Amino acid sequence: MNIYTKESLIEKLKEISAQGWIENGRHGNDGGIGNTLEDLLGIEENNLPIPNAAEWELKTQRLKTSSLTTLFHIEPSPRAMKFVPSILLPHYGWPHQRAGEKYPETERSFRMTIHGNGRSDRGFGVQIDNKERKVLISFDSSKVGERHSVWLEGVKKNIGLGEIDPQPYWGFDDLEHKAGTKLLNAFYVQAAVKRDKETKKEYYHYSKVLMLQRFDFSGFLKQLEAGNILIDFDARTGHNHGTKFRLRQNCLPDLYEKVTEII
DNA sequence: GGTACCTGGAC
DNA sequence: TGTCCAGGTAC
């Protein structure tokens, strides 16, 4: 376990970048790009060993990715209801693509990425209630696309086609606390990726680093309202990966007051 | 051992 | 661009 000052961490990131291509140390894991960097730094997951470590976050992403940036995980309230495994997955889920193959016949999936600027084709959307200071999940069966008509019949049979009752939500204060503790300051590292055709091994070049300081919660709410921050459900029967708040590409620096280019 | 978090994808 | 999806750990 290495210990860094902020300055020595910056120097270490520059060294790692100068090393060029580095082999993925976590084969078969999509998170390998971030885990490999943590291994190079000699740090443990989500635990930057610098003064005020709790105030710093390390985020790693491929340079040419169309994927969203995960900000944090947080399950919806009321927490005691265990909404995802007890209601959304069984009543609004669907058979997993690999049910009866990789997973049991009964394996179900509830994985969807939704936002505040319209409905998904399963009729789900995000509502912002500024008066109650809540972010709510909503279902409108009239917005379900034709390709999901069989699924919609299942929902009707399971629980009915009205609004989810009660609606899952996150309080502004919960979100602000989560973002404020996890994302207050961040190193945002982007890496080029190549794959050896023979060995199938992946290599990373950590070639771009930004230092982001002072997360702005009002900006977070604005982006949520605009549909640039999305809510991502990620559950199958055997594993709920958790509910994520995610950001459209390259928008991360927009959520901070101060941005410094390190590399 | 289940739940809620973590690291992130391809098409 | 949204619809789907991966292997992990902390407690």
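Atoms considered below: every heavy atom in the structure, side chains included; atoms not considered: hydrogens, waters and symmetry mates. Chain A is the first sequence line, chain B the second, and so forth, proteins listed ahead of strands; every chain is numbered from 1. Note that this is a predicted model, so its numbers are computed, not measured.
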Q: Relative to the ring of A:Phe139, is the ring of A:Tyr92 parallel (under 30°), tilted (30 to 60°) or perpendicular (over 60°)?
A: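 Geometry flag for A:Phe139 against A:Tyr92: perpendicular rings.
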Q: Is there a donor on the side chain of A:Lys59 or the base of B:dG8 sitting less than 3.5 Å from an acceptor on the other?
A: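 Side chain to base: no pair below 3.5 Å.
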Q: Any sub-3.5 Å donor-acceptor pair from A:Gln213's side-chain atoms to A:Asn185's backbone N or O?
A: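 Not confirmed, A:Gln213 side chain does not pair with A:Asn185 backbone.
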Q: Does A:Arg108 reach the main-chain N or O of A:Ala235 with its side chain, forming a donor-acceptor pair under 3.5 Å?
A: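 Between the backbone of A:Ala235 and the side chain of A:Arg108 there is no qualifying donor-acceptor contact (under 3.5 Å).
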Q: Is a side-chain N or O of A:Arg111 found less than 3.5 angstrom from the main chain of A:Arg236, in a donor-acceptor match?
A: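 No, because the side chain of A:Arg111 does not come within donor-acceptor range (under 3.5 Å) of the backbone of A:Arg236.
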Q: Would you mind classifying the nucleic acid contact of A:Asp232 as base, sugar-phosphate or nothing, using non-hydrogen atoms under 4.0 angstrom?
A: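 Contact class for A:Asp232: base.
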Q: Between A:Gln19 and A:Tyr206, is the side-chain hydrogen bond (donor to acceptor under 3.5 Å, both in side chains) condition met? List the steps.
A: CA-CA 9 Å; A:Gln19 286 176 34; A:Tyr206 296 95; over 6 Å; no
Q: Report the distance from atom CD of A:Gln190 to atom C1' of B:dG8, rounded to the nearest whole Å.
A: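 Whole-Å distance recorded here is 14 Å.
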Q: Would you call the rings of A:Phe220 and A:Phe245 parallel, tilted or perpendicular if under 30° counts as parallel and over 60° as perpendicular?
A: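 Tilted: the ring planes of A:Phe220 and A:Phe245 meet at 30° to 60°.
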Q: Give me, pair by pair, the N or O atoms of the protein and of nucleotides 1-5 of chain B that are less than 3.5 Å apart, along with how far apart they are.
A:
from	atom 1	to	atom 2	distance (Å)
B:dA4	O3'	A:Arg79	NH2	3.4
B:dC5	OP1	A:Arg79	NH1	3.3
B:dC5	OP1	A:Arg79	NH2	2.3
B:dC5	OP2	A:Glu75	N	3.0
B:dC5	N4	A:Asn240	O	3.3
B:dC5	N4	A:His241	O	2.9

Q: What is the distance, to the nearest angstrom, from the CG atom on A:Asn35 to the P atom on C:dA6?
A: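 The answer, rounded to whole Å, is 17 Å.
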Q: Under 4.0 Å between a side-chain N/O of A:Arg62 and OP1 or OP2 of B:dG8, yes or no?
A: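 The answer is no; no side-chain N or O of A:Arg62 sits under 4.0 Å from OP1 or OP2.
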Q: Take atom CG of A:Leu230 and atom P of C:dC4, then tell me their distance rounded to the nearest Å.
A: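 A:Leu230 atom CG is separated from C:dC4 atom P by 15 Å.
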Q: Tell me the interatomic distance from A:Leu252, atom CG, to B:dG8, atom P, rounded to whole angstroms.
A: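 Roughly 11 Å, once rounded to whole Å.
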Q: Using a cut-off of strictly less than 4.0 Å, decide whether A:Arg246 has a side-chain nitrogen or oxygen near OP1 or OP2 of B:dG9.
A: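 Result: no.
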Q: Check the distance between B:dG8's C1' and A:Leu58's CG and give it to me in whole angstrom.
A: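 Rounded to the whole Å, the gap is 13 Å.
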Q: Among residues 136-150 of chain A, which residues get a heavy atom nearer than 4.0 Å to DNA chain B?
A: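 Those residues whose heavy atoms fall under 4.0 Å from DNA chain B, taken from residues 136-150 of chain A, amount to none.
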Q: OP1 or OP2 of C:dC4 sitting under 4.0 Å from any side-chain N/O of A:Ser109?
A: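 False: A:Ser109 side-chain N/O out of range (4.0 Å or more) of C:dC4 OP1/OP2.
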Q: With distance as the sole test, does A:Ser17 use its side chain to make a donor-acceptor pair with the main-chain N or O of A:Leu13 at under 3.5 Å?
A: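 Between the backbone of A:Leu13 and the side chain of A:Ser17 there is no qualifying donor-acceptor contact (under 3.5 Å).
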Q: Does C:dA6 have OP1 or OP2 under 4.0 Å away from a side-chain N or O of A:Tyr103?
A: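 So the side chain of A:Tyr103 is within the cut-off, an N or O lying under 4.0 Å from OP1 or OP2 of C:dA6.
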Q: Scan A:Thr70 against the nucleic acid and name what it touches under 4.0 Å (heavy atoms): base, sugar-phosphate only, or nothing.
A: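 Base: the residue A:Thr70, judged by heavy atoms under 4.0 Å, touches a nucleobase.
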Q: Give A:Phe245 one of three labels, base, sugar-phosphate or nothing, depending on what nucleic acid heavy atoms sit under 4.0 Å from its own.
A: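 It contacts nothing in the nucleic acid.
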Q: Between A:Trp151 and A:Trp94, what is the ring plane arrangement, given parallel below 30°, perpendicular above 60°, and tilted in between?
A: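 Taking A:Trp94 first and then A:Trp151, their aromatic rings stand perpendicular (interplane angle over 60°).
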Q: For A:Asp234, answer base if it contacts any base atom (sugar-phosphate contacts may also be present), sugar-phosphate if it contacts only those atoms, and nothing otherwise; contact means non-hydrogen atoms under 4.0 Å.
A: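 Base: the residue A:Asp234, judged by heavy atoms under 4.0 Å, touches a nucleobase.
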Q: Taking any heavy-atom pair under 4.0 Å as a contact, classify A:Thr69: base, sugar-phosphate, or nothing.
A: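 Counting heavy atoms under 4.0 Å across all strands, no contact is made by A:Thr69.
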Q: Find the distance A:Arg248:CZ to C:dT3:P and express it as a whole number of Å.
A: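 Atom CZ in A:Arg248 sits about 11 Å away from atom P in C:dT3.
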Q: State whether the side chain of A:Gln190 and the backbone N or O of A:Ser207 hold a donor-acceptor pair below 3.5 Å, judged by distance alone.
A: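 No, A:Gln190 side chain to A:Ser207 backbone: no donor-acceptor pair under 3.5 Å.
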Q: Between C1' on B:dG8 and OH on A:Tyr188, what's the gap in Å once rounded to a whole number?
A: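 In whole Å, B:dG8 C1' lies 12 Å from A:Tyr188 OH.
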Q: How many whole angstroms separate atom CD of A:Glu38 from atom C1' of B:dC6?
A: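 Atom-to-atom, A:Glu38 to B:dC6, this comes out as 9 Å.
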Q: Measure from the side-chain N and O atoms of A:His115 to the backbone N and O of A:Asn117, and report whether any donor-acceptor pair falls under 3.5 Å.
A: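 Yes.
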Q: Side chain of A:Ser120 only, heavy atoms from C-beta on: which candidate in C:dT3, C:dC4, C:dG2 is closest?
A: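 Of C:dT3, C:dC4, C:dG2, C:dT3 is nearest to the side chain of A:Ser120.
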Q: Which part of the nucleic acid, if any, lies within reach of A:Arg98 when heavy atoms closer than 4.0 Å are counted: base, sugar-phosphate only, or nothing?
A: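 It contacts nothing in the nucleic acid.
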Q: When you check the phosphate oxygens OP1 and OP2 of C:dG7, does a side-chain N or O of A:Lys102 lie under 4.0 Å from one of them?
A: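 Affirmative; the distance criterion is met.
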Q: How are the rings of A:Phe215 and A:Tyr256 set to each other: parallel, tilted or perpendicular (split at 30° and 60°)?
A: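 Ring orientation of A:Phe215 relative to A:Tyr256: perpendicular.
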